[in-house]
Q: 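Sharing a structure here in structure tokens format.
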Amino acid sequence: MKIASFNINGIKARLPRLLEWLDETQPDVACLQEIKTQDDGFPAADFEAIGYHAIWHGQKSFNGVAILARGQAPVEMQRGLPEMKWPGDAADEQARYLEAEVQGIRICNLYLPNGNPQPGPKFDYKLAWMQRLRERCAAHLAAEIPAVVLGDFNVIPTDQDVWSAKAMADDALMQPQSRDGYARLLNDGWTDAIATLNPRGGVWTYWDYQAGAWQRDHGFRIDHLLLSPACADRLVAAGVDKAHRGREKASDHAPVWVKLRG
DNA sequence: ATGACTGACGGGGTCAGA
């Protein structure tokens, strides 16, 4: 079973590239982030035409996530991160989280807030969002639900995951608080599929459009696939479809994927 | 280096991204 994640940076601008990628790589499940459209603008018919059923959670102009499954309908389990235990917390108004069941695996698709500039309210929102995500994920671990938590985490986990830690030192993506939030997820029992298979780092999933970042290979790793223990036992391969970042009209992210036995 | 490039909205510039 192949499960993929792709921050497409606008589904309207990216649709031909997206259909091409699905056709070439044939993931069983494809999670999308930054669809940047309201629900009624989602091109479901284009995916149905090539055999993919979809659910989606959009909003005007920004954010937005979707889950596609080949030959079957994803069964929606959660739309938006739910309200949590602490006082004053409320369900998210931004379209950043969608969860479904596909072939007995819980698929948790997320677009974590960027958090720049830091410090500031956007960074605070990012850290609070990470805390809520951790609680949602911990509940799945406690219930022993086979799960994959994947998407654009907007976190560079270590200095080995960025072309230049010095150049990015002040960025919200690699502040200690952001990294701690990610490390806490891993400590709870989630396995970072790409890191596990590439322990020396140097794997990028994002290259900025600016300053010739792609041509210079100035990238970093912020798109992640986290596996519950039962799914980690089934891990056979994981990777980045790097070549797709170099095509015409590409997203600034490359797709990432994991293959599970069975 | 207050830089760069891209998309959405809207029909021009502004905001957001990472």
Side-chain angles (χ1 to χ4, degrees), chain A residues 5-21 32-43 46 56-66 92-97 109-127 129-130 133 150-179 181-182 194 201 203-224 240 242 244-256:
Chain A
S5 172
F6 193 0
N7 181 321
I8 55 173
N9 188 18
I11 201 163
K12 294 167 187 170
R14 208 71 58 218
L15 190 58
R17 284 282 98 110
L18 180 55
L19 294 170
E20 174 185 80
W21 169 72
L32 309 179
Q33 303 90 35
E34 282 208 273
I35 62 174
K36 292 186 172 179
T37 180
Q38 295 177 105
D39 284 339
D40 59 10
F42 188 82
D46 292 283
W56 56 95
H57 177 34
Q59 69 178 81
K60 191 176 182 180
S61 299
F62 306 115
N63 309 316
V65 285
D92 215 337
E93 65 283 356
Q94 298 186 16
R96 294 181 174 275
Y97 187 83
N109 179 24
L110 65 95
Y111 175 46
L112 210 145
N114 172 301
N116 279 308
Q118 68 82 28
K122 291 189 175 183
F123 191 58
D124 295 340
Y125 175 62
K126 174 179 193 156
L127 298 180
W129 207 97
M130 293 187 83
L133 175 68
L150 72 170
D152 179 356
F153 283 70
N154 270 318
V155 175
I156 297 168
T158 75
D159 285 357
Q160 278 60 249
D161 298 308
V162 58
W163 67 278
S164 167
K166 188 179 176 186
M168 294 288 291
D170 294 329
D171 199 286
L173 307 196
M174 53 177 281
Q175 292 313 297
Q177 301 97 312
S178 306
R179 288 182 166 178
Y182 190 76
I194 290 177
V203 177
W204 318 145
T205 68
Y206 171 90
W207 294 258
D208 201 299
Y209 287 126
Q210 304 184 63
W214 169 250
Q215 289 77 8
R216 300 178 188 187
D217 201 27
H218 289 179
F220 38 85
R221 188 173 73 96
I222 52 175
D223 301 274
H224 307 306
V240 181
K242 183 173 177 178
H244 286 258
R245 174 61 181 83
R247 297 189 177 181
E248 288 297 316
K249 294 287 288 179
S251 170
D252 41 5
H253 294 251
V256 297

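We name chains A, B, ... by the order of the sequence lines, and we start the count at 1 in each one.
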Q: Which value, in whole Å, describes the distance between the P atoms of nucleotides B:dA4 and B:dC15?
A: 15 Å
Q: Can you measure A:Arg245 atom CZ to B:dC5 atom P for me and round it to whole angstrom units?
A: 13 Å
Q: Once you round it to whole Å, what is the distance between P of B:dG7 and CD of A:Gln59?
A: 19 Å
Q: For B:dA8 and B:dG12, measure between their C1' atoms and round to the nearest Å.
A: 13 Å
Q: Using the closest heavy atom to pick a nucleotide of DNA chain B for each, name whichever of A:Ala13 or A:Ala211 lands nearer the 5' end.
A: A:Ala211
Q: For atom P, what is the distance between B:dG7 and B:dA18, given to the nearest Å?
A: 14 Å
Q: For A:His224, give me all partners under ring pair (Phe, Tyr, Trp, His ring centres under 6.0 Å), at least two apart in sequence or on another chain.
A: A:Phe153, A:Tyr182
Q: Run through DNA chain B and report every stem of 3 or more consecutive Watson-Crick or G-U pairs, distances under 3.5 Å, ordered by first number.
A: B:5-9 with B:13-17
Q: Who are the side chain to side chain donor-acceptor pair (under 3.5 Å) partners of A:Gln160, not counting sequence neighbours?
A: none
Q: With sequence neighbours excluded, tell me which residues meet side chain to side chain donor-acceptor pair (under 3.5 Å) with A:Asn116.
A: A:Asn114, A:Asp171
Q: What is the separation between atom NE2 on A:His218 and atom C1' on B:dC5, rounded to the nearest whole Å?
A: 16 Å
Q: Indicate yes or no: does A:Asp159 engage A:Arg179 in a salt bridge with an N to O separation below 4.0 Å.
A: yes
Q: Please list each protein N or O that sits under 3.5 Å from an N or O in nucleotides 16-18 of chain B, with the distance.
A:
from: B:dA18; atom 1: OP1; to: A:Glu34; atom 2: OE1; distance (Å): 2.8
from: B:dA18; atom 1: OP1; to: A:Tyr111; atom 2: OH; distance (Å): 3.3
from: B:dA18; atom 1: OP1; to: A:Asp152; atom 2: OD2; distance (Å): 3.4
from: B:dA18; atom 1: OP2; to: A:Tyr111; atom 2: OH; distance (Å): 2.9
from: B:dA18; atom 1: OP2; to: A:Asn154; atom 2: ND2; distance (Å): 3.2
from: B:dA18; atom 1: O4'; to: A:Tyr206; atom 2: OH; distance (Å): 3.3
from: B:dA18; atom 1: N9; to: A:Asn114; atom 2: ND2; distance (Å): 3.2
from: B:dA18; atom 1: N7; to: A:Asn114; atom 2: ND2; distance (Å): 3.0

Q: Grab the CD-P distance between A:Glu248 and B:dT6 for me, whole Å please.
A: 10 Å
Q: Mind checking ring pair (Phe, Tyr, Trp, His ring centres under 6.0 Å) for A:Phe42 and listing every partner two or more places apart, or none if nothing turns up?
A: A:Phe47, A:Trp56
Q: Write down the distance separating the P atoms in B:dT14 and B:dG3, rounded off to the nearest Å.
A: 15 Å
Q: Mind checking what makes salt bridge (charged side-chain N to carboxylate O under 4.0 Å, His left out) contact with A:Asp161, not counting sequence neighbours?
A: A:Arg221
Q: Considering non-hydrogen atoms only, spot the tightest contact between A:Arg96 and A:Asn63 and give its length.
A: NH2-OD1, 3.2 Å
Q: So, using side chain to side chain donor-acceptor pair (under 3.5 Å) as the criterion, who are the partners of A:Thr37 when residues are at least two apart?
A: none
Q: Whole Å only: how far is the CZ atom of A:Arg17 from the P atom of B:dT6?
A: 14 Å
Q: For A:Asp39, what residues pass the side chain to side chain donor-acceptor pair (under 3.5 Å) criterion, not counting sequence neighbours?
A: none
Q: Just checking A:Lys249: base, sugar-phosphate only, or nothing, at a heavy-atom cut-off of under 4.0 Å?
A: sugar-phosphate
Q: Distance check needed: B:dA8 P versus A:Asp40 CG, whole Å only.
A: 15 Å
